[in-house]
Amino acid sequence: MTETLLEVLEDTPLTRARAALSELIAFPTISADGNVELILYVQEVLGRLGARLELTRDETGGKANLFATIGPDIDGGVILSGHTDVVPVEGQDWSTDPFLAHDDGTNMYGRGACDMKGFLACALALAPAAAEADLKRPLHLSFTYDEEIGCLGARVMLAELERTGRRPRACIIGEPTSMRVIEGHKGCHEYSTEFSGLEGHGSRPELGVNAVEYAVHYVSELLRLGEELKANPPRESRFEPPWTTISVGRVAGGIAHNVIANLCQVDWEFRPANGRDARHVSRHMEDYAERELIPRMRAVDPAAGIVTRTIGEVSGLSPMPDSEAVAIAAELTGGTDTGLVSFGTEAGLFQEIGIPTVVCGPGSIAQAHKPDEFVSHEQLDLCLGMIERLIAKLEHEA
C-alpha cells in the first residue's frame, strides 16, 4: 500500500500530495468503523523516514492516534495536526465511489478530500524533505481519531503529550479554511438525552408516562432557549452568527400509533459563543428536567426519568492577543487577514494545555460532509507552500 506514495518521492510535491491523498481516501475511516489501518499505513511511511513515532489507542484498540516527530528531541517545535476520521456517506448521491479518489486534473474528489485528508496528504508529501533537512527545532505530525464525534482521540493523545512534559511552540490544525488563518471558533457541546417512561394502551394515556411527549416538552424548551440566546448575543462576539446556537439533530421513540412510548432519545448540540453561555445552557436544561419534567413523570411512575449523556464537550478556540501560532501561520502563508469560524475543531484542546494554536488548511468547509466532496490542486499547492516554508523556518531558527 505504501509503495504508491513512496514510488513518487522523486516527483513534485503536488504529485506526491495527490498520491498520498489517493491512498488516504481509500481507507474508509468513518468514525464508527475505526482508523487503525490508515494509522499503520502512515506509521510505515514515516517510520521509513526515521521519524520517532508514538501510538495511542482507544479502549477497544480499534482506533488510534499517531504523533510523529522529525528533527531534534527538544522543545519548541511546531505541530501540524489533523483528524483521520470522516463522516458517513449513506444516503448521499455521489457521482463516483466516495472511497476511490477521482482526480479530474483540477480537483480531487472523495470522502475526506477536504475534511481533512488533503492537509494530511500535504504533510506526508513533505515529510521526506523535513527528514532530509537539518532541523534546529522539531516538526511534529499529529494524526487523531474521532474528531467528528467529539474530538475523542485528541484528548488521549494530548494527555500523553502532557505526561511526557514536551512543550511544542505552536500548532496548526489543517481543517479546511481555504488557507486563511483562523484564530478562533466556537465550542461544540453534544448530548443525547434519554427519556424513560411507562408504556401502556393509547386509550388510557393518564395511566402511562409517554416518553415521546416529555421529549417534545424538552425540545420545546431547547428551542425557546435558543431564541432567547439569539436575542441576546454577547457584545464582544465576532462570530457568525454572533449568538450561541442550539440545534436538535434527532428525536427517536415509540413503536406504534396506539402504544404509549416508554422510551425516547433526543440528540442535540449547542455551540457557545463564550464560556458564560456554555455554563448557562447546560445548567438551565438540567434544572428544567429536574424541576419541571421529572416530578410529573414520577408522579405516575417512580421509575421514570431523564438521563443526559455527554457525547462531547469541545472547548472553543479563544482568540489570543499576540499568539505565536497566529504570527507563525501569517508569516508562512503571507496572509495578514485572520478570522473566526463557527465550526468546531480540536484546536481548543491544544490551547487548553498551553500550546498556541490556529486553524489553517486547504479546501473549503462548504464542501465538507457533502457528496462529491473535493479539494482543488490549487489549494493543495498553497498548503504545500506553507509547509515548505515551515520546514525552512525550523531549519534556520535556533
Side-chain angles (χ1 to χ4, degrees), residues 30-34 58-60 62-63 85 87-88 90-91 146 148-152 155 187-232 243-272 275-314 344 369:
I30 297 169
S31 303
D33 298 334
D58 74 340
E59 294 179 353
T60 72
K63 300 177 180 181
D85 61 316
V87 297
E90 283 76 15
D146 281 0
E148 297 288 3
I149 56 173
C151 298
L152 307 181
R155 297 179 189 276
C188 183
H189 296 223
E190 297 180 338
Y191 305 96
S192 288
T193 300
E194 299 165 351
F195 299 78
S196 301
L198 177 63
E199 62 190 352
H201 197 285
S203 65
R204 296 296 304 275
E206 79 280 4
L207 300 180
V209 178
N210 194 317
V212 169
E213 292 182 2
Y214 280 97
V216 169
H217 288 302
Y218 191 88
V219 169
S220 296
E221 183 62 15
L222 282 172
L223 298 179
R224 187 205 65 77
L225 181 58
E227 289 300 313
E228 177 185 294
L229 293 165
K230 181 178 180 179
N232 296 279
W243 58 85
T244 291
T245 59
I246 296 179
S247 175
V248 178
R250 178 176 175 269
V251 179
I255 59 173
H257 293 75
N258 59 352
V259 177
I260 297 171
N262 69 327
L263 294 173
C264 190
Q265 179 172 309
V266 175
D267 297 334
W268 60 284
E269 63 147 44
F270 73 94
R271 298 183 182 243
R276 182 178 63 255
D277 280 0
R279 293 186 293 272
H280 173 62
V281 172
S282 296
R283 290 172 182 170
H284 177 85
M285 293 311 299
E286 182 179 353
D287 289 346
Y288 176 75
E290 292 288 341
R291 184 183 67 255
E292 299 291 337
L293 302 184
I294 293 176
R296 290 157 54 190
M297 298 169 72
R298 289 182 176 169
V300 179
D301 181 11
I306 301 173
V307 175
T308 294
R309 293 187 295 111
T310 300
I311 305 303
E313 292 181 333
V314 181
H369 299 190

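When a residue number appears, it is its place in the shown sequence, counting from 1. The structure displayed is predicted, hence computed values, not measured ones.
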Roughly how far, to the nearest 0.5 Å, is the [atom2] atom of [Y] from the [atom1] atom of [X]?
X      : Y      : atom1 : atom2 : answer
Arg296 : His217 : CZ    : NE2   : 4.5 Å
Ile255 : Glu199 : CD1   : CD    : 6.5 Å
Glu290 : Ile306 : CD    : CD1   : 8.0 Å
Leu198 : Ile260 : CG    : CD1   : 7.5 Å
Arg271 : Ile246 : CZ    : CD1   : 12.5 Å
Asp301 : Leu207 : CG    : CG    : 11.5 Å

Specify the closest pair of heavy atoms between [X] and [Y], including all atoms of both residues, with the distance to one decimal.
X      : Y      : result
Pro272 : Thr244 : CA-OG1, 3.3 Å
Asp277 : Phe270 : O-CE1, 4.3 Å
Gly254 : Val212 : N-CG2, 4.0 Å
Lys63  : Gly34  : CG-CA, 3.8 Å
Tyr218 : Tyr288 : CA-CE2, 4.2 Å
Ile30  : Val87  : CG1-O, 4.1 Å

- Check for a donor-acceptor pair, side chain of Arg298 on one end and backbone N or O of Ala304 on the other, with a separation under 3.5 Å. yes
- Query: Does Arg291 offer a backbone N or O that forms a donor-acceptor pair with the side chain of Asp287 under 3.5 Å?
  - Reply: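 No.
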- Message: Does Leu222 form a side-chain contact (heavy atoms from CB on, under 4.5 Å) with Val248? I'd like the steps, not just the answer.
- Response: CA-CA 8 Å; Leu222 282 172; Val248 178; 4.0 Å; yes
- Task: Quick one: do Glu227 and Arg224 satisfy salt bridge (charged side-chain N to carboxylate O under 4.0 Å, His left out)? Show the steps, please.
- Result: CA-CA 5 Å; Glu227 289 300 313; Arg224 187 205 65 77; over 6 Å; no
- Query: With the threshold set at 4.0 Å, does a side-chain nitrogen-carboxylate oxygen contact exist between Arg283 and Glu286?
  - Reply: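 Salt bridge absent between Arg283 and Glu286.
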- Task: Considering only NZ, NE, NH1 and NH2 on the basic side and carboxylate oxygens on the acidic side, decide whether Glu206 and Arg204 come within less than 4.0 Å.
- Result: yes
- Task: Determine, step by step, whether His280 and Leu229 satisfy the side-chain contact (heavy atoms from CB on, under 4.5 Å) criterion, reporting the C-alpha distance in whole Å, the side-chain angles of both residues, the deciding distance to 0.1 Å, and the verdict.
- Result: CA-CA 10 Å; His280 173 62; Leu229 293 165; 4.3 Å; yes
- Query: Pick from Met285, His189, Glu190: which one makes a side-chain contact (heavy atoms from CB on, under 4.5 Å) with Trp268?
  - Reply: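 When Met285, His189, Glu190 are each tested with Trp268, the side-chain contact (heavy atoms from CB on, under 4.5 Å) holds only for Met285.
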- Query: Can you find a heavy atom in the side chain of Leu263 that is under 4.5 Å from one in the side chain of Ser196?
  - Reply: yes
- Task: Write out all pairs satisfying side chain to side chain donor-acceptor pair (under 3.5 Å) with one or both partners inside residues 248-261, taking only residues at least two apart or from two chains.
- Result: Arg250-Asp267
